[in-house]
Amino acid sequence: MDTAEKNFQALGEKRERGDGVVKVTGQAKYAVEYQPENVAYGVVIQSTVASGRIIRMETEKARQAPGVLAVYTHLNSLKINKPTGIADGGAAQSTYTPIQDDKIIHNGQNIGLVVAETFEQATWAASLVETEYETEPALIYPDDPRAERKENSSTNIDLGDAHQAMAQAEVRINARYATPREYNTPMEPHACIASWQDDRMTVWEPSQWVMGAQKEIAEWLGIAVSQVRIISPYVGGGFGSKPVPYTHVALACVASRALGRPIKVSLTRPQTFTGLGGRPATIQNLEMGASRDGKILAIIHDGLSDTSMIDTFAEGTNKATGRLYAVPNVYSRHYVAAINTVTPGWMRAPGENPSTYGLEVAMDEMAYELGIDPLAFRLRNWADHDYQLNAPWSTRRLKEAYAAAAEAFGWDKRSMAPRSMREGRELIGWGMATATYPVSRSPAEAKLIFHSDGSLVVQSAGADIGTGTYTILAQTAAEVLQIPSRQIRVELGDTDLPRAGVAGGSQLAGNLTAAVHKTAEAMREKLFTLATESPGSPLFQVEREQLVLRDGAVRVKSQPERAVSYDKLVKLNDSLTLSVLSGTFSPDESEEDRDQAVHSMSKMTRPEAFSAHSWGAQFVEVRVDEDFGTVRVKRLVSAFDSGRLYNPQLARSQWIGGMVMGLGQALLEGGVIDPRNARVINNNLADYLIAVNADVPEIVAIDVGEPDYHATLMGGKAVGELGIVGMAAAISNAVYHATGKRVRDLPLSLDKLI
Ligand code: MCN
Ligand code: MOS
């Protein structure tokens, strides 16, 4: 028993990723690595202008090229129905349907698909298609006064009387902050295989949400959801870009149905920059008023993000504004501006990320205006409850986070004045910011199956996009059923498996550990029943209360050697397997309601009586070369409260992954749009820079959380997106401290510092 216990590694304990070995040894198959028989290859054609319409498309040369099976454009269109957008209770991020008409709304729009026997033949043929356009002037920048602006009222904040309080404030700051279009750039580009067979569509598609994909594809094709199967066991990263399929998937599906062959469509890296969105550009104006002694009295905060001509995607720049500090008067609005761009979408911490960029740089500016240490200024405005929601916090170990990170960083050795710390030619800058991310919840199901050899399988349709879902679900079942987590096989990412929602909004870990935990408890009951009610069981007619599960067996508590092992119970069950399907839906919920919950985000909720969020404190040291303006990040030291950690090793890896992505956002990332034609110029990983190993310094990530059972059943809070929140602000603040120069638009490239 002792050895088993040692290797147990149940929920809350460290262990390595279960999918690690299959990934690093190449055994894990990603979507386009499947090779269905008779597969053909599709290559998309993208528009080269941003606005107008197609007046001529010459496809004959392409059709005649070797190996070509078909060329689909709006001139010989295959029908694709409009999908329901996420905001309206559907799963589609964009309602754009390709090749249905001649209209061009953004540069790099998918306007055709060439299908051939090989990828090379399709690529060559696609280059032979000639397209002529009638162009119209494009709206390129979100602050173009001609761009239609819509208020995104769901994020309005009206607390107290901000305008009056502002007028009375002794100290005021007012500044404009901007972030550029940013791209998710997962390692695995977007690519799928669609296969229509026997009136069913099977799609291998890298997905953060297979049941959302299933719904959107069924809508595109005008077929029942049950006719669509999505297979996505492994995903090479998504970072918010793979919650839903995009238009190349629609094209693959209709082409497969028309040709009766599986079709593989892989976007090239450049095509991923316009085949889907990325984080929209944002512009915010933030005015803050405070008393001389450092109490914030009012915030007036207006933000803007860009969206496409046809869909409203809002990157709420005020998501954190009313929440981080005790500010009695807040007025805030967020607007979207429609321009000629692909519909933007989620990217790690949509909303919270740019919101804390503006707010947390403004906090630093105000701290300097008042001459108060930036950390002390934040503590002076400590919110003992959620002012915006007027609700108590579920847990908020942010003071502990500030203290732990400040101590580990050595913040007390900082001198306040800009340019006051240096080593040789290097200016040293120390900066900090606060991080936060909300806890969301959605119901889910899970199935547990014991086989007659005693092995256990855990099933859920949910995704593991590199986060650790495989591992923590094994750990959850291990804890309840008392078997080593490594002996449990977890199956994920397939619509044939039990219902689950999106790996998005940093909620899947909480949702699925809860569902597996409930299901494992139901399994435990079933094991007890079999042990006590099967005449062939050695524990026949023993009182249930006297039983426990331990070491792979049902045992009598007082006499642990009196036991019946799980494999025996499976046999007593008179079958080869013993399975339980359960989860966190309320038992009276209908099948339709359950379907709706996982095919849209309409059943996603936040804890009600309490305001539940994860928290963090991010501290950074930068070194700025005085002559060249180059910024190097020297140290990242953060402390986080994500409640209970289901696996501290994996949570840490998530946190530091977010921090590194924030470093890239601060210093490197930004789409460059050609002002002549609204084309993304740096549409590849050579020109669109993301942080690489050489950019990343020593990282310290400290856990200060404690279980929060108001937040989730298993006590954990959000992890996946937390680390990126506030990081760009902390780096900006450090650069100000080093140089005395306040840069308010990302990225902090050296041209802005010289
Ligand atoms: N975890 C934990 N304790 C908790 C919560 C989580 O130990 N209390 C760990 C678990 O290993 C869990 C992981 O953190 O698998 C992430 O859990 P969670 O915060 O619930 O996030 P999701 O499972 O919903 O994953 C999505 C989230 C989002 S929204 C983005 S964006 C993002 C992120 O995860 N994209 C990622 N992290 C990513 N990591 C990788 N490698 N690739 C991506 O695309
Ligand atoms: Mo994450 S941006 O919510 O997929």
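Each ligand, and each atom within it, is numbered from 1 in the order the structure gives.
- Residue-to-ligand polar distances keep Gly716 apart from ligand 1: every N/O pair is separated by 3.5 Å or more.
- To the nearest 0.5 Å, atom NE2 of residue His599 and atom CE of residue Met211 are 5.5 Å apart.
- In this structure Arg652 satisfies the salt bridge (charged side-chain N to carboxylate O under 4.0 Å, His left out) test with no other residue, sequence neighbours excluded.
- Ring geometry for His613 against Trp393 counts as perpendicular: the plane angle is over 60°, on a 0 to 90° scale with 30° as the lower cut.
- At least one donor-acceptor pair under 3.5 Å links the side chain of Arg644 to the backbone N or O of Met714.
- In terms of heavy-atom proximity, Lys242 sits nearest to Gly237 at NZ-O, 2.7 Å.
- The N/O atoms of Leu645, backbone and side chain alike, include none that comes under 3.5 Å of an N/O atom in ligand 1.
- Between Phe239 and ligand 1, at least one N/O pair is under 3.5 Å apart.
- At a 3.5 angstrom cut-off on N or O pairs, Ile465 counts as close to ligand 1.
- Among the atoms of Leu650, none of the N or O lies under 3.5 angstrom from an N or O of ligand 1.
- Taking any N or O of Pro648, backbone or side chain, none lies under 3.5 Å from an N or O belonging to ligand 1.
- For the pair Pro233 and Tyr470, the minimum side-chain heavy-atom distance is below 4.5 Å.
- Ligand 1 has a nitrogen or oxygen under 3.5 angstrom from a nitrogen or oxygen of Gly720.
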Under 3.5 Å, N/O to N/O: give me all the pairs between ligand 2 and the protein, one per line with atom names and distance.
{"unit_1": "ligand 2", "atom_1": "3 (O)", "unit_2": "Gly505", "atom_2": "N", "d": "2.7"}
{"unit_1": "ligand 2", "atom_1": "3 (O)", "unit_2": "Glu721", "atom_2": "OE2", "d": "2.9"}
{"unit_1": "ligand 2", "atom_1": "4 (O)", "unit_2": "Gln208", "atom_2": "NE2", "d": "2.8"}

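- Contact of the Thr84 side chain with the Glu216 side chain is not registered, since no non-hydrogen atoms from C-beta on lie closer than 4.5 Å.
- Taking any N or O of Tyr646, backbone or side chain, at least one lies under 3.5 Å from an N or O belonging to ligand 1.
- Looking at atom 5 (C) of ligand 1, its nearest protein heavy atom turns out to be Val719 CG2, 3.2 Å.
- Among residues at least two apart or in separate chains, side-chain hydrogen bond (donor to acceptor under 3.5 Å, both in side chains) pairs with a member in residues 350-359 are Asn353-Gln665.
- Partners of Glu521 by salt bridge (charged side-chain N to carboxylate O under 4.0 Å, His left out), not counting sequence neighbours, listed by chain and number: Arg524.
- For ligand 1, one of its N or O atoms has an N or O atom of Thr467 under 3.5 Å away.
- In the model, His190 has a side-chain atom that pairs as donor or acceptor with a side-chain atom of Ser241 under 3.5 Å.
- No side-chain heavy atom of Asn511 sits less than 4.5 Å from a side-chain heavy atom of Pro443.
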